[in-house]
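Following: one structure in structure tokens, then a few remarks.
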Amino acid sequence: MSLAQLFGHDVRFFELLRSSAAEAKAAAHSLVRLLPRIGHDNIESILGDISQHRRKHKAMVEEMTTRITQVFNTPFEREDLQEMNSAIYKITKNIEKIAERLTIAPKGADLSRIKRQLEMIEYAASVVEALVQEVCSARHGASVKETHDRIQAIEGDGDKLMTECLRELYLGTDDARLVVFWKDIFELVEKAIDRCRDAGTAAFITMLKNS
């Protein structure tokens with residue numbers, strides 16, 4: 001029996017959380033698709049997809065906020081719902097920023113150097129989606145902890161990779177424009193992975209409080 005069935009709560013909360021996590025993952029996938037297309041024609045459609053994911057996600061965030069204030073019985077505490085709601089949206093919002101910055105890369109920037117990190121964001125977003133699905137389905141057990149541990153490990157791997165990239169950047173021979181560009185991109189990418197970790201932590205804490 002689901003939490004909604006057990007307590008008679010509005011299932012729309014769960015639908016919104018699941019859909020929000022799905023939009024974050026879809027935006028991350030579009031970002032990975034965008035990378036090899038930069039510098040070529042027809043990138044506007046992919047940029048449009050990413051913007052659309054962010055707009056759809058924002059609408060879900062606003063609906064969740066409204067529902068939290070209007071519905072008497074909520075499946076989780078209101079502050080926990082709002083924390084998950086906000087944390088997941090920040091993933092999509094950060095992904096859109098990365099896409100925008102990548103499209104103004106200086107001449108000579110080898111964008112393939114960021115491929116691993118973007119794939120890491122996509123993987124992290126997929127783990128967030130899985131964790132949200134588990135929490136909303138009341139799977140409060142070892143599987144939820146394992147999923148949470150996985151996203152923590154991704155964040156740790158991301159930090160190590162970022163250190164390697166910064167070392168290569170600072171010890172390299174790139175001109176000042178490229179150094180500034182890559183530092184900006186690396187920081188945004190690191191933040192996106194951190195956003196995934198934050199969303200996973202918010203979901204995990206909510207599970208612990210309701211198990």
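What you see is a predicted model, and the numbers here were worked out from it, not measured in a lab.
The environment of NZ in Lys107 is sparse: at most 12 heavy-atom neighbours from other residues, nucleotides or ligands sit within 6.0 Å.
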| said: Please determine whether side-chain hydrogen bond (donor to acceptor under 3.5 Å, both in side chains) holds for the pair His53 and Thr92, giving the CA-CA distance in whole Å, both sets of side-chain angles, and the decisive distance to 0.1 Å. | reply: CA-CA 7 Å; His53 291 310; Thr92 307; over 6 Å; no
| said: Walk me through whether Asn85 and Gln82 qualify under side-chain hydrogen bond (donor to acceptor under 3.5 Å, both in side chains). | reply: CA-CA 5 Å; Asn85 189 37; Gln82 194 67 289; 3.1 Å; yes
| For Arg197 and Gln152, what are the C-alpha separation, side-chain angles and deciding distance, and is it a side-chain hydrogen bond (donor to acceptor under 3.5 Å, both in side chains)? | CA-CA 6 Å; Arg197 177 207 58 200; Gln152 295 296 318; 5.3 Å; no
| message | Using side chain to side chain contact (heavy atoms under 4.5 Å, CB included), reason through Phe186 and Ile114 one step at a time and then give a plain yes or no. | response | CA-CA 8 Å; Phe186 290 155; Ile114 203 72; 3.5 Å; yes
| task | Could you walk me through whether Arg55 and Gln52 pass side-chain hydrogen bond (donor to acceptor under 3.5 Å, both in side chains), step by step? | result | CA-CA 5 Å; Arg55 286 192 293 270; Gln52 180 67 6; 3.0 Å; yes
| said: What verdict does the side chain to side chain contact (heavy atoms under 4.5 Å, CB included) test give for Ile38 and Leu34, after you've listed the backbone C-alpha separation in whole Å, the side-chain angles of each residue and the deciding distance to 0.1 Å? | reply: CA-CA 6 Å; Ile38 295 174; Leu34 174 69; 4.0 Å; yes
| request: Please test Ile151 against Cys196 for side chain to side chain contact (heavy atoms under 4.5 Å, CB included), starting from the C-alpha separation and ending with a verdict. | output: CA-CA 8 Å; Ile151 201 163; Cys196 292; 4.1 Å; yes
| query | Passes side chain to side chain contact (heavy atoms under 4.5 Å, CB included), Lys183 versus Val180? Steps please. | reply | CA-CA 5 Å; Lys183 186 175 184 297; Val180 171; 5.9 Å; no
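By the rule that hydrophobic residues join a cluster once side-chain heavy atoms approach within less than 4.5 Å of another member, Ile185 and Tyr170 end up as members of one cluster. Residues Leu111 and Leu161 are members of one and the same hydrophobic cluster, defined by side-chain heavy-atom contacts under 4.5 angstrom among Ile, Leu, Val, Met, Phe, Trp and Tyr. Cluster membership check: Val61 does not share its hydrophobic cluster with Ile91, using side-chain heavy-atom separations under 4.5 Å among Ile, Leu, Val, Met, Phe, Trp and Tyr. Val128 and Tyr89 are assigned to two separate hydrophobic clusters, defined by single-linkage of ILVMFWY side chains at heavy-atom distances under 4.5 Å. No path of Ile, Leu, Val, Met, Phe, Trp and Tyr side chains, each step under 4.5 Å between heavy atoms, connects Ile205 with Leu17, placing them in separate hydrophobic clusters.
At least one side-chain heavy atom of Gln117 sits under 4.5 Å from a side-chain heavy atom of Cys165.
In this structure, OG in Ser30 is found 13.0 Å from CG in Leu35, a value given to the nearest 0.5 Å. To the nearest 0.5 Å, atom CD of residue Glu129 and atom CD of residue Glu134 are 11.0 Å apart. Taking CG from Leu208 and NZ from Lys145, the interatomic distance works out to 9.5 Å, rounded to the nearest 0.5 Å. Rounded to the nearest 0.5 angstrom, Leu81 CG and Phe14 CZ are separated by 8.0 Å. Of the inter-residue distances, the one linking Arg33 atom CZ with Glu122 atom CD reads 10.5 Å to the nearest 0.5 angstrom. If you take CZ on Phe76 and CD on Glu83, they are separated by 14.0 Å, rounding to the nearest 0.5 Å.
Only one option out of Ile46, Asp49, Leu102 pairs with Leu31 in a side chain to side chain contact (heavy atoms under 4.5 Å, CB included); it is Leu102. Considering Glu23, Lys93, Lys90, Glu96 as possible partners of His57, the one that fulfils the side chain to side chain contact (heavy atoms under 4.5 Å, CB included) test is Glu23.
Side-chain N or O atoms of Arg78 include one that pairs as donor or acceptor with a backbone N or O of Ile68 at under 3.5 Å. Of the possible donor and acceptor atoms, one in the side chain of Thr103 sits under 3.5 Å from a partner among the backbone N and O of Glu100. Formation of a donor-acceptor pair under 3.5 Å by the Ser19 side chain with backbone atoms of Leu16 is not found in this model.
Residues passing the ring-ring contact (aromatic ring centres under 6.0 Å, His included) test with His148 are Phe204, sequence neighbours excluded.
Ion pairing between Lys160 and Glu164 fails under the 4.0 Å rule for side-chain N and carboxylate O. Using a 4.0 Å cut-off between charged nitrogen and carboxylate oxygen, Arg150 and Glu146 do not count as a salt-bridge pair. A salt bridge is absent between Lys191 and Asp194: the closest approach of a Lys/Arg side-chain nitrogen to an acidic carboxylate oxygen does not fall below 4.0 angstrom. Between Arg18 and Glu15, none of the side-chain N atoms (NZ, or NE/NH1/NH2) sits under 4.0 Å from a carboxylate O, so this pair counts as no salt bridge. Between Glu168 and Arg113 there is a salt bridge, since a side-chain N of the basic residue sits under 4.0 Å from a carboxylate O of the acidic one.
Scanning all heavy atoms of the two residues, the minimum distance from Ile95 to Ala24 falls at CD1-O, 3.9 Å. Here the closest heavy-atom approach between residue Leu169 and residue Leu178 is recorded as CD1-O, 4.4 Å. The two atoms that bring Val135 and Ala203 nearest to each other are CG2-O, 3.6 Å, heavy atoms only. Nearest approach of Ile193 to Met120, heavy atoms of both residues: CD1-SD, 3.8 Å. Pairing each heavy atom of Ala87 with each of Ala199, the nearest pair is CB-CA, 3.6 Å. Contact detail for Met64 and Phe13: the closest heavy-atom pair is SD-CD2, 3.4 Å.
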